[in-house]
Structures are given as C-alpha cells and as structure tokens.
Amino acid sequence: MTPRQQGDVDELFDVKNSFFIGNYTQCIKEAENNDKVSTEELRFERLGFMYRAYIAQKKFRVVLDEVHSGSPPPLLPIRLLAEYFGSPQRRIELVQQLEQMLSSGVTGYKHLLILTAATIYCQEGNYEAALRVLHQGDHLEYNALNLHIYLRMDRKDLARKELKIMQERDDDATLTQLSQAWLNIALGGEKMLQDAYYIFQEMVDKYGSTSLLLNGQAACFMGQGKYQEAQSVLQEALDKDSNAPDTLINMTALSHYLGKAPEVANRYLSQLQDSHADNDFVKEYNQKTSEFQRLCKQYSVTSS
C-alpha cells in the first residue's frame, strides 16, 4: 500500500464516503456544508458528488435546473447524465451527445466526463467502451468501476488484478474495502462470504446502515444459506427505502428460498418492473420471459 503523506487531509472525505456507501441524503448535506474547499478542482468534485447523489435519488429536475448551458464546462456532463436517466426516450440522442463531448478533446478537469461516460456505457451494456474511457485517467473511483465491469463480464481474474491495484494505492479506502467485498461475493465460498459480511458490518458500525450495505450483507447471508438472517437485514433495507431495486431483487429471490407463496415474490417483481424498467435484472428477466413464451408458442404449433 502506498502510505499517505503525514498531515494529508481529504477535504471531501465525508462527502465521498456518504456517496460510496449509498447514503445520498447525507452526501448532499455534507456537500452543501462543505462549500469552502481549497481549489477549483475540489469544488467541481464536490458538486459532482452532490449532483450524482440527486441523480441516484431520481431527483433529476434539481440537476437540470442548476446545471445549464451557462454552467462551467466541467459540470456539463452531469447534466447529460441526469437527462440520460431522466429521459429514457432520448437515450440514443444523448449517447450521441456524449460521443461528441468525448471527441471534442476537452482539456482541463475531465473527471466528471469520464465518470459520466463510463456510467452511461455500462448502462448501455457497452463494457468495452466503458473500460476504454476509464483508462484515460488515474483515480480510485475508476479502478472501482473497472472492477465492477469485470465482475459483470464474469472476468474474476481481471477483477482480482484491479483490486490489487486499489489495495496498493489505498487499502483502507472505503471504495477498496467495498470492492473487496463485491469480489468476495462473486467468488463465493464460506470464508469469502464471511469476510465480505464483516466488511459491510464494519461500515455499518462506523457510518450507520444504508440500503447498499444491508443488501451486501443479505447477499452474503443468502450465499451461505442463512435465509432468516437475510430476511432480517432486507426488512431493515425495505424500511429505509421500500423502492430500492437491489432490495426488491433480493426480496424476490429470498421469497423463493423461503418457500413463500408465489404471489409474494411476484409482488416484489411487479414493483421492480413498474419502478425500474431500465434495471439490468428487469431487462434480462423480460427478455428471458419473451424468449420462453416464443419457445412455448413454437412448440405448441409444431406439436399440434
């Protein structure tokens, strides 16, 4: 691990940390209270976290009202990100705008452009483009996104290498610890899952529970067959945010594991489909349902 310089202070630690563990309300509060940062770059980074927290809460109008054509250029990608998630019908056009931004040779502070591009490309399923743009910079958040993409691609070998880079940069960073937990869950096995659970629990003890941390714990419990424990933490997650997609997905799966009536799982699934139509799980579920119906129809025709 690269040691931190003595006396180094991360002026945005509380802002970043709240964002990374999924406490978006606290992130916004910390960003608003920490408006006297020492450099312009930190000011853009602070605003970037704040606006991304609003986007995570689906409060797109706040971002669109505050970031406009007259705003500093480094912030404009954040507006595009809000438009992308807030206006699904315009996504083809917005991806084209993103391509223009990337090809315009933007100079200076490009951090928010890189994060916006990687996020949108991931949402589009274009992992190659996301990885390409992330390799244009050097930042712990880029490493975490790389690892996340490798796990989506089922390249655990590459995810391991990315985690090693993060650990060498800052082993104690929240993002590094979370990435370790995500990789452990993907790898599976009793010890890996137990270690991941302890990472989430340590963060709960330090910073309080969030939907993200509780869902991480639930995934560990379900991987170990501890379904009652998973139900307990998922119920707490539901109490915090009854519409969080990860919670609804996990509750759908858990209902099956617990042998509950089919309508219980269907209830969570219906809520997920209504509120999060562009979620990867929903899109894949709908695709497989359509394919199954097509095969059933084809079979019934050929067998009649």
Side-chain angles (χ1 to χ4, degrees), residues 1-2 16 19-22 52 56 81 84-85 91 95 98-99 102 110-200 203 212-213 215-224 245-246 249-250 252-253 276 278-288 291:
M1 182 180 78
T2 303
K16 296 177 182 178
F19 182 83
F20 294 145
I21 65 172
R52 282 194 286 159
L81 189 64
Y84 178 86
F85 284 109
R91 287 187 174 174
V95 170
L98 174 64
E99 299 281 0
L102 289 169
K110 296 194 294 185
H111 181 60
L112 296 179
L113 175 59
I114 290 173
L115 290 175
T116 293
T119 301
I120 289 176
Y121 283 138
C122 281
Q123 187 67 25
E124 292 286 307
N126 191 345
Y127 300 134
E128 182 180 344
L131 291 169
R132 187 167 60 248
V133 75
L134 286 168
H135 281 90
Q136 293 181 22
D138 182 25
H139 195 284
L140 198 65
E141 196 168 356
Y142 304 166
N143 296 128
L145 277 170
N146 282 333
L147 184 143
H148 175 71
I149 292 167
Y150 291 141
L151 291 180
R152 281 193 173 191
M153 297 170 63
D154 198 27
R155 290 299 307 271
K156 301 181 185 69
D157 56 330
L158 296 178
R160 282 180 184 271
K161 292 179 181 178
E162 200 70 36
L163 178 64
K164 184 177 180 181
I165 294 171
M166 297 178 72
Q167 290 171 329
E168 290 171 351
R169 295 187 64 169
D170 191 345
D171 192 26
D172 295 325
T174 297
L175 268 183
T176 304
Q177 292 297 306
L178 285 173
S179 296
Q180 174 76 74
W182 294 328
L183 177 58
N184 282 7
I185 291 172
L187 293 171
E190 186 72 23
K191 185 180 186 307
M192 289 291 187
L193 292 169
Q194 194 64 43
D195 288 348
Y197 172 81
Y198 286 138
I199 290 172
F200 292 124
M203 292 191 180
L212 183 150
L213 298 176
N215 274 281
Q217 289 184 318
C220 297
F221 282 138
M222 286 193 283
Q224 295 172 296
D246 287 347
I249 292 169
N250 283 328
T252 301
H276 305 282
D278 63 344
N279 183 275
D280 286 345
F281 178 90
V282 173
K283 289 190 289 188
E284 187 172 349
Y285 176 85
N286 290 338
Q287 181 182 356
K288 290 185 183 302
E291 180 66 11

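All heavy atoms count here, side chains included; hydrogens, waters and symmetry mates do not.
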>> If you apply the rule side chain to side chain contact (heavy atoms under 4.5 Å, CB included), what do you find for Val133 with Lys110, and how did you get there?
In response: CA-CA 11 Å; Val133 75; Lys110 296 194 294 185; over 6 Å; no
>> Go through it in stages, so that I can follow the logic: the residues are Lys16 and Glu141, the test is side chain to side chain contact (heavy atoms under 4.5 Å, CB included), and I'd like the CA-CA distance, side-chain angles, deciding distance and then a yes or no.
In response: CA-CA 10 Å; Lys16 296 177 182 178; Glu141 196 168 356; over 6 Å; no
>> side chain to side chain contact (heavy atoms under 4.5 Å, CB included) for Leu145 and Leu115? Distances and angles first, verdict last.
In response: CA-CA 9 Å; Leu145 277 170; Leu115 290 175; 3.7 Å; yes
>> What verdict does the side chain to side chain contact (heavy atoms under 4.5 Å, CB included) test give for Phe20 and Gln177, after you've listed the backbone C-alpha separation in whole Å, the side-chain angles of each residue and the deciding distance to 0.1 Å?
In response: CA-CA 11 Å; Phe20 294 145; Gln177 292 297 306; over 6 Å; no
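The line from SG of Cys122 to CG of Asp280 is 9.0 Å long, rounded to the nearest 0.5 Å. Rounding to the nearest 0.5 angstrom, the gap separating the CG atom in Leu163 from the CG atom in Asn143 is 9.5 Å. Rounded to the nearest 0.5 angstrom, Leu213 CG and Ile21 CD1 are separated by 5.5 Å. The line from CD of Gln136 to CD1 of Ile114 is 5.5 Å long, rounded to the nearest 0.5 Å. Note that the CG atom of Asn286 and the CZ atom of Phe281 stand 9.5 Å from one another [nearest 0.5 Å].
In this structure the side chain of Ile185 reaches within 4.5 angstrom of the side chain of Leu193, judged on heavy atoms. In this structure the side chain of Ile149 never reaches within 4.5 angstrom of the side chain of Tyr121, judged on heavy atoms. Residues Phe200 and Cys220 form a side-chain contact, since some pair of their non-hydrogen atoms from C-beta on lies under 4.5 Å apart. Considering only heavy atoms from C-beta on, Thr116 stays 4.5 Å or farther from Thr119 through its side chain. Between Tyr127 and Arg132 the shortest side-chain heavy-atom distance does not fall below 4.5 Å. The closest side-chain heavy-atom distance from Leu212 to Asp246 is not below 4.5 Å. No side-chain heavy atom of Ile165 sits less than 4.5 Å from a side-chain heavy atom of Asn146.
The side chain to side chain donor-acceptor pair (under 3.5 Å) search around Thr176 returns none, not counting sequence neighbours. Legend: residues meeting side chain to side chain donor-acceptor pair (under 3.5 Å) with Gln123, ordered by chain and number and at least two apart, are absent. When the side chain to side chain donor-acceptor pair (under 3.5 Å) test is applied to Tyr198, the partners found at least two apart in sequence or on another chain are Gln194.
Geometric assessment of Arg52 against the ring of Phe19 yields a positive cation-pi assignment under the 6.0 Å and 45° thresholds.
Scanning both residues, Ala181 and Ile199, for their nearest heavy atoms gives N-CD1, 3.9 Å. The minimum heavy-atom distance linking Ala159 with Leu147 is given by the pair O-CD1, 3.4 Å. Residues Asp278 and Lys283 approach most closely at O-CE, 3.3 Å, considering heavy atoms. Residue Ala118 comes nearest to Ala130 through the heavy atom pair O-CB, 3.8 Å, listed as atom of the first residue, atom of the second, then distance.
When the options Asp171, Leu178, Leu175 are evaluated for a side chain to side chain contact (heavy atoms under 4.5 Å, CB included) with Met166, the one that passes is Leu175.
Shown here is Glu291, whose CD atom has more than 12 heavy atoms of other residues, nucleotides or ligands within 6.0 Å.
The salt bridge (charged side-chain N to carboxylate O under 4.0 Å, His left out) pairs that include a residue from residues 175-192 are Lys191-Asp195, where partners are two or more places apart or lie in different chains. Every pair passing salt bridge (charged side-chain N to carboxylate O under 4.0 Å, His left out) that includes a residue from residues 157-167 is listed here, sequence neighbours excluded: Arg155-Asp157. Contacts classified as ring-ring contact (aromatic ring centres under 6.0 Å, His included) and involving residues 132-160 (residues at least two apart or in different chains) are given here: His111-His139, His111-Tyr142, His139-Tyr142.
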